[in-house]
Amino acid sequence: MTSTTATRKGPSTSAMIASIAEPGQRTETAPFGHALAAAAEADPRIVGLTADLGKYTDMHIFAKAHPERFFQMGMSEQLLFGAAAGMAETGLVPFASTYSVFAARRAYDFIALDIAEPGLNVNVVGGLPGLTTGYGPSHQATEDMAIFRGLPNLTIVDPCDALDLAQAVPQLAAHEGPTYLRLLRGKVPLVLDEYDYAFELGKAKVLRGGADVVLVSSGLMTMRALQAADALARHKVDVAVVHSPTIKPFDAETVLRELDTPRLAVTLENHTVIGGLFSAVADAAVRRGLGTRIVPIALPDEFLDAGALPTLHDRYGLSKDRIVERVLAELG
């Protein structure tokens, strides 16, 4: 992986597909592609497939490193996942990449019946999850976790940064059974290395403690939670951050232990407020009998606008400034 410093262009076409990295933030280029290529060096069973989106899911890195183990299936997501299922039946470990909207909406039945029902070791890799593109509802997979959480046997991972992605890939390959990875592509921020963090499949991690507020987050929103925690400290608000990269199976023990306190509890996710992290946390709290009020920061239950990503993140409440405003308002 190569490290770079992020830049941000104006509200043009480039801004609609811009990196989620903040200006000047440390990034690594194509961490998923490099991690998959490295994992394949150690495990000859690993193969890579895509549906005409190799460059846009960072699968092109794997294709260059292992051309004999890369399969371009063309613009047919159903074929992509059917072929991946067949490869898994023979003992291979496929990583099949496309955009999240195509995996969750267009090919759901193939993933359900060809992969999840027999419990095959197929790793579905979904690019542009949630609000990571400005190209409107046709490309914004704002409901992908809601769709996939109800699918038996499927493990769901929503990584925060380049470190999370790189460490998740070999663990997903070794995991017996199907997985869905919400991919961050291109120049991906690097933040978790500052918090003595290591990805562990199925586990949430407390990144920092705090006496006033606890933020439970997943995906890129953990980066925003950490930024908001620093900003809130300037308002004399002490904020804890809990990162839950595995959405299913959900680590209720770690999360509920942090929620069972008098602190303000907030969930943050790059996903609709319905069916994602907030729902997982709330489900677990109710089952445990916790009476804690949980405030969700998430995308609204609506189809989102097209436009520049920074503008959209601010409009829909995912930016650091909007998070700070919401927490301060809740604290009164």
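- Residues I46 and F62 have side chains in contact (heavy-atom distance under 4.5 Å, counting atoms from C-beta outward).
- For the residue pair R224 / H313, a side-chain donor-acceptor distance below 3.5 Å is found, with atom types taken as modelled.
- Checking H243 against D164 by side-chain atom types alone, a donor-acceptor pair falls below 3.5 Å.
- Across A84 and V122, no two heavy atoms sit closer than the pair O-CG2, 3.6 Å.
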Side chain to side chain contact (heavy atoms under 4.5 Å, CB included) between L232 and V327: does it pass, once the steps are laid out? CA-CA 8 Å; L232 285 162; V327 170; 3.8 Å; yes

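- Taking the side chain as every heavy atom from C-beta outward, D109 and I111 never approach each other to under 4.5 Å.
- Contact check for V157 versus T179: no side-chain heavy atoms found under the 4.5 Å cut-off.
- In plain terms, the two heavy atoms of G48 and M59 that are nearest each other are CA-SD, 4.0 Å.
- No more than 12 heavy atoms of other residues, nucleotides or ligands shown are found within 6.0 angstrom of OH on Y56.
- Of the candidates D158, D283, D144, R149 forms a salt bridge (Lys or Arg N to Asp or Glu O under 4.0 Å) with just one, namely D283.
- With T246 contributing its side chain and G202 its backbone, the two residues share a donor-acceptor pair below 3.5 Å.
- Of all heavy-atom pairs spanning P296 and T267, the tightest one is CA-OG1, 3.4 Å.
- Shortest non-hydrogen contact noted between L92 and P94 is O-CD, 3.4 Å.
- A side-chain donor-acceptor contact under 3.5 Å links Q167 to the backbone of F199.
- Y197 and V255 fall into different hydrophobic clusters, where Ile, Leu, Val, Met, Phe, Trp and Tyr side chains are chained together by heavy-atom contacts under 4.5 Å.
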Trace of the salt bridge (charged side-chain N to carboxylate O under 4.0 Å, His left out) decision for E143 with R105: CA-CA 9 Å; E143 78 286 31; R105 300 175 190 167; 2.9 Å; yes

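- Looking at E117, its side chain never comes within 3.5 Å of a backbone N or O of A112 through a donor-acceptor pair.
- Residue N123 holds its CG atom at 8.5 Å from CG of L181, rounded to the nearest 0.5 Å.
- No donor-acceptor distance shorter than 3.5 angstrom exists from the side chain of T222 to the backbone of C160, with no hydrogens or angles considered.
- With D58 contributing its side chain and R185 its backbone, the two residues share no donor-acceptor pair below 3.5 Å.
- When atom types are taken as modelled, the side chain of D161 and the backbone of L190 share no donor-acceptor pair closer than 3.5 angstrom.
- For the side chain to side chain contact (heavy atoms under 4.5 Å, CB included) test with N270, the passing option among L184, L299, I20 is L299; the others fail.
- In this structure a side-chain-to-backbone donor-acceptor pair under 3.5 Å is missing from R208 to Y195.
- Aromatic pair F148/Y180: centroids less than 6.0 angstrom apart.
- With no hydrogens or angles considered, a side-chain donor-acceptor pair links T155 and H175 at under 3.5 Å.
- The shortest side-chain heavy-atom distance between S100 and P129 falls under the 4.5 Å cut-off.
- Rounding to the nearest 0.5 Å gives a distance of 10.0 Å between CG of L192 and NZ of K205.
- For A104 against I147, the heavy-atom pair with the smallest separation is O-CG2, 3.7 Å.
- Note that CD of E258 and CG of L215 are 11.5 Å apart. Values are rounded to the nearest 0.5 Å.
- The closest side-chain heavy-atom distance from D238 to V213 is not below 4.5 Å.
- A side chain to side chain contact (heavy atoms under 4.5 Å, CB included) with L120 holds for exactly one of E176, E89, M87; it is E89.
- In this structure, CG in D52 is found 7.5 Å from OG1 in T50, a value given to the nearest 0.5 Å.
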Chi angles and distances behind the salt bridge (charged side-chain N to carboxylate O under 4.0 Å, His left out) call for D212, R263: CA-CA 5 Å; D212 302 318; R263 297 175 295 181; over 6 Å; no

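- At a cut-off of 3.5 Å, with distance as the only test, no side-chain donor of D301 or T272 sits close to an acceptor on the other residue.
- Under a 3.5 Å cut-off, the side chain of Q140 and the backbone N or O of D305 do form a donor-acceptor pair.
- The shortest distance between side-chain heavy atoms of F70 and H60 does not fall below 4.5 Å.
- In this structure, CG in L36 is found 11.5 Å from NE2 in H34, a value given to the nearest 0.5 Å.
- Counting heavy atoms from C-beta on, the side chains of L312 and R315 come closer than 4.5 Å.
- Side-chain heavy atoms closer than 4.5 Å link hydrophobic residues (I, L, V, M, F, W, Y) into clusters, and following such links, possibly through other members, connects L151 to L80.
- E269 places no side-chain N or O within 3.5 Å of a backbone atom of H271 that could act as its donor or acceptor partner.
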Given T57 and T98, is the side chain to side chain contact (heavy atoms under 4.5 Å, CB included) satisfied, shown in steps? CA-CA 7 Å; T57 58; T98 184; 5.7 Å; no

Go through I323 and L318 one step at a time and tell me if the side chain to side chain contact (heavy atoms under 4.5 Å, CB included) criterion holds. CA-CA 7 Å; I323 295 167; L318 300 191; 6.0 Å; no

Show your reasoning for whether side chain to side chain contact (heavy atoms under 4.5 Å, CB included) applies to V281 and F250. CA-CA 8 Å; V281 172; F250 183 65; 3.6 Å; yes

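- Hydrophobic clustering keeps V242 apart from V295 (ILVMFWY residues linked when any side-chain heavy atoms are closer than 4.5 Å, directly or through intermediates).
- A distance-only check finds no donor-acceptor pair linking the side chain of D314 to the backbone of R322 [under 3.5 Å].
- The CZ atom of R26 lies 5.0 Å from the CD atom of E194; values are rounded to the nearest 0.5 Å.
- Within 6.0 Å of NZ on K248 lie more than 12 heavy atoms contributed by other residues, nucleotides or ligands.
- Looking at heavy atoms from C-beta onward, S218 lies in side-chain contact with I247 at the 4.5 angstrom threshold.
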Determine, step by step, whether E330 and R326 satisfy the salt bridge (charged side-chain N to carboxylate O under 4.0 Å, His left out) criterion, reporting the C-alpha distance in whole Å, the side-chain angles of both residues, the deciding distance to 0.1 Å, and the verdict. CA-CA 6 Å; E330 290 291 339; R326 181 68 182 277; 3.3 Å; yes

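- Residues F81 and L79 are members of one and the same hydrophobic cluster, defined by side-chain heavy-atom contacts under 4.5 angstrom among Ile, Leu, Val, Met, Phe, Trp and Tyr.
- Each of Y108 and F102 belongs to its own hydrophobic cluster when Ile, Leu, Val, Met, Phe, Trp and Tyr are linked at side-chain heavy-atom distances under 4.5 angstrom.
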